[in-house]
Amino acid sequence: MQMVMLVFRASLKEQVHALLHRCDVKAFTEVNETVGYGQTGPAEGLAFYPGTNSVILVALDADHQERVTKAVTAWCEDTARHPGWQKPSISVFSWPCTQIV
């Protein structure tokens, strides 16, 4: 089992939820309005820069992790084929996970 963390601009929430639904991910934990600074710039939730991030944590088996990875990769690659479209501000990380209780 792997713990998968998706970090994305809050404005992409509906698309990320739809992607997880298509990948048959039924349960996850979401932390809204996170702030930070990354490759795509600040996400601070300030009046002059109102964008924030969201973080989804989900424990997945290998099959579901592969589905999510492929879906996010395809989404990012699809935008590259369209001049003027901006790559979605999303990153995906994973690490080994063992449920203890």
inquiry  = Just verifying a value: how many Å separate M1 CE and T98 OG1, rounded to the nearest 0.5 Å?
reply    = 8.5 Å
task = Indicate yes or no for a side-chain donor-acceptor contact from S91 to the backbone of V7 under 3.5 Å, with no hydrogens or angles considered.
result = no
Atom CD of E33 with >12 non-hydrogen neighbours under 6.0 angstrom = no
request  = Verify side chain to side chain contact (heavy atoms under 4.5 Å, CB included) between V4 and V92, making sure each step is shown before the conclusion.
outcome  = CA-CA 7 Å; V4 175; V92 181; 3.7 Å; yes
task = Would you please name every residue forming a side-chain contact (heavy atoms from CB on, under 4.5 Å) with C76, sequence neighbours left out?
result = V72, K87, P88, I90
message = Test: ring-ring contact (aromatic ring centres under 6.0 Å, His included). Region: residues 59-92. Which pairs qualify, not counting sequence neighbours?
response = H82-W85
inquiry  = So, using side-chain contact (heavy atoms from CB on, under 4.5 Å) as the criterion, who are the partners of E77 when residues are at least two apart?
reply    = T73, R81
key: K26 NZ to D24 CG distance, which is reported to the nearest 0.5 Å   = 4.0 Å
request  = Could you tell me which residues satisfy side-chain contact (heavy atoms from CB on, under 4.5 Å) with A18, sequence neighbours excluded, listed by chain and number?
outcome  = R22
Candidate pair L6 and V55, rule side chain to side chain contact (heavy atoms under 4.5 Å, CB included), full reasoning = CA-CA 6 Å; L6 297 95; V55 176; over 6 Å; no
message = Working to the nearest 0.5 angstrom, can you tell me the gap between T29 OG1 and L57 CG?
response = 6.5 Å
ask   = Can you list the residues that meet the side chain to side chain donor-acceptor pair (under 3.5 Å) rule with E66, with sequence neighbours excluded?
value = K70
ask   = With D63, which residues qualify under salt bridge (charged side-chain N to carboxylate O under 4.0 Å, His left out), at least two apart?
value = R67
note = Sorted by chain and number, sequence neighbours left out, side-chain contact (heavy atoms from CB on, under 4.5 Å) with E30 holds for F8, K13, H17, F28, N32, S54, I56
Shared hydrophobic cluster for W95 and V58 (ILVMFWY, side-chain gaps under 4.5 Å) = no
ask   = Can you name the residues that form a side chain to side chain donor-acceptor pair (under 3.5 Å) with S94, not counting sequence neighbours?
value = Q2, Q65
message = Taking transitive links into account, so neighbours of neighbours count too, which hydrophobic residues share a cluster with V101 at under 4.5 Å side-chain distance?
response = I100
message = Using the rule that Ile, Leu, Val, Met, Phe, Trp and Tyr join whenever any side-chain heavy atoms are under 4.5 Å apart, tell me whether M3 and V68 fall into a single cluster.
response = no
